[in-house]
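Keep in mind that what you see is a predicted model, and the values were worked out from it rather than measured. Letters A, B, ... mirror the listed sequences (proteins, then strands); counts begin at 1.
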There are 2 protein chains.
Amino acid sequence: MPSSKATEAQILEITQELLQRRGYDGFSYRDVADRVGIRSATIHYYFPAKADLVVAVAERYRSDFATTLAEILADDSLSALEKVAQFADIFRQTAATNRVCLCGMLASGSKSQSDKANQHAQEFFGDLQAWLEDVFAAGRQDGSIRALAEPRRAALSVVAALEGATLMAYNARDLSQLDEVIAEALDGLRP
Amino acid sequence: MPSSKATEAQILEITQELLQRRGYDGFSYRDVADRVGIRSATIHYYFPAKADLVVAVAERYRSDFATTLAEILADDSLSALEKVAQFADIFRQTAATNRVCLCGMLASGSKSQSDKANQHAQEFFGDLQAWLEDVFAAGRQDGSIRALAEPRRAALSVVAALEGATLMAYNARDLSQLDEVIAEALDGLRP
DNA sequence: GTCTATAAGATGATAGAC
DNA sequence: GTCTATCATCTTATAGAC
């Protein structure tokens with residue numbers, strides 16, 4: 001039964017879900033295998049070690065996220081502030097599906113997993129910060145975002161607040177506090 | 001060799017450290033036993049199940065944290081803004097010792113551990129928010145903090161940002177971004 | 001209180017048949 | 001590619017000696 005490409009994609013999909021819900025130490029090859037409908041040995045064929053599997057998921061996640069951010073950025077119908085709102089909504093959707101940001105989860109599991117996973121998480125946060133900084137600059141042009149004293153620092157703070165609030169929403173199984181944090185962040189950007 | 005009180009305290013101390021560094025699924029009774037210098041069966045005498053041990057650590061953590069916050073609050077030599085700065089410094093110290101906030105870590109491990117641990121984390125975040133809200137009000141009196149449109153929401157955002165930034169600092173093994181987030185938060189409170 | 005001994009199950013990983 | 005079979009190790013937890 002050669003599903004080849006489909007099998008690998010399913011393994012990545014399911015692993016990402018488990019990773020966002022339970023973290024590196026919270027799922028096993030068997031958990032993934034059961035949900036995909038294969039045997040755990042098959043996963044080792046695609047990903048020899050657990051570290052390989054998790055790094056592959058991290059790369060896929062960053063790539064998908066980058067695509068989404070590029071699409072938001074390219075949408076000329078949105079003001080810069082609305083782009084930040086859409087950015088925040090990604091985190092909201094994550095929490096709404098009972099998950100944490102993958103890289104937030106990887107950051108919390110820094111000790112067990114490979115250094116490569118940590119590095120991906122770190123670079124991911126840097127990507128988000130840089131994207132927000134760009135949008136802040138555009139917002140100064142289109143007038144939707146006020147002039148910020150330290151745009152780099154403000155962008156970092158928004159990323160940190162969203163990561164923290166998503167974690168809290170996941171824990172409480174309640175989005176209301178995340179919504180408040182998002183509202184506070186957007187209000188802080190308005191002219 | 002009856003160390004009694006001392007043994008239980010050591011178990012809690014070591015467990016807290018492991019919990020903040022590796023999370024619920026990242027440490028075992030044997031890890032704790034090895035560091036305390038006892039056998040894992042001894043831990044079961046004090047804490048029958050792992051869930052009991054973790055809940056006990058969470059209670060101790062919340063209690064210790066509450067004491068620290070009460071001390072800061074009672075210090076009349078500090079302005080309200082300086083009290084917020086000391087509050088933020090607790091997170092900085094946590095990251096400086098290569099740890100995450102215990103409740104931030106418990107929040108990320110929501111699936112494996114007991115519901116009670118999740119609840120403690122949730123209540124902990126509520127405690128921090130309420131404390132900050134009080135200090136914000138005091139800051140309006142002593143003039144060290146500006147009038148905030150939504151103090152409750154602002155307090156929540158500060159908690160979320162500190163939790164997120166501590167996680168990022170832990171992952172990157174670098175405090176500089178946490179320092180930036182703290183500076184940004186304090187600047188946002190100044191009159 | 002703390003130990004030894006041990007159970008019963010899960011884990012990441014490999015070898016080799018098909 | 002996917003399977004069965006198996007390994008060595010680790011996990012939480014218990015029973016009972018001292």
Regarding the side chain of B:Thr7, the nearest nucleotide among D:dT14, D:dG1, C:dT2 is C:dT2
Pairing of A:Glu180 and B:Arg153 as salt bridge, 4.0 angstrom limit: no
Strictly below 4.0 Å: does A:Ser28 bring a side-chain N or O up to OP1 or OP2 of C:dT11? yes
Using whole Å, what does the distance between atom P of nucleotide C:dT6 and atom NE2 of B:His44 come to? 17 Å
Can a side chain N or O of A:Tyr45 be found less than 4.0 Å away from OP1 or OP2 on D:dG1? yes
Between C:dA13, D:dT2, D:dT4, which nucleotide gets closest to the side-chain atoms of A:Ala49? C:dA13
Which residue, B:Phe47 or A:Ile38, contacts DNA chain D at a nucleotide closer to its 5' end, judged by nearest heavy atom? A:Ile38
Spacing between A:Phe27 atom CZ and C:dA10 atom C1', to the nearest angstrom: 15 Å
Can you confirm whether the side chains of B:Gln86 and B:Glu82 place a donor and an acceptor under 3.5 Å from each other? no
Rounded to whole Å, please give me the gap between CD in A:Glu8 and C1' in D:dT2. 14 Å
Contact under 4.0 Å: B:Ser40 side-chain N or O vs D:dT12 OP1/OP2: no
So which nucleotide from C:dC3, C:dA13, D:dC3 ends up closest to the side chain of A:Thr42? D:dC3
Below 4.0 angstrom, N of the basic side chain to O of the carboxylate: do B:Asp25 and A:Arg22 qualify? no
Quickly work out the B:Asp34 CG to D:dC10 C1' distance and round it to whole Å. 12 Å
It should be established whether B:Arg30 places a side-chain nitrogen or oxygen under 4.0 Å from OP1 or OP2 of nucleotide D:dT12. no
With a 6.0 Å cut-off on ring centres, are B:Phe47 and B:Tyr29 close enough? no
Using a cut-off of 4.0 Å on non-hydrogen atoms, how would the nucleic acid contact of A:Tyr29 be classed: base, sugar-phosphate, or nothing? sugar-phosphate
Gap between atoms CD and P, on A:Gln113 and C:dG12 respectively (whole Å): 14 Å
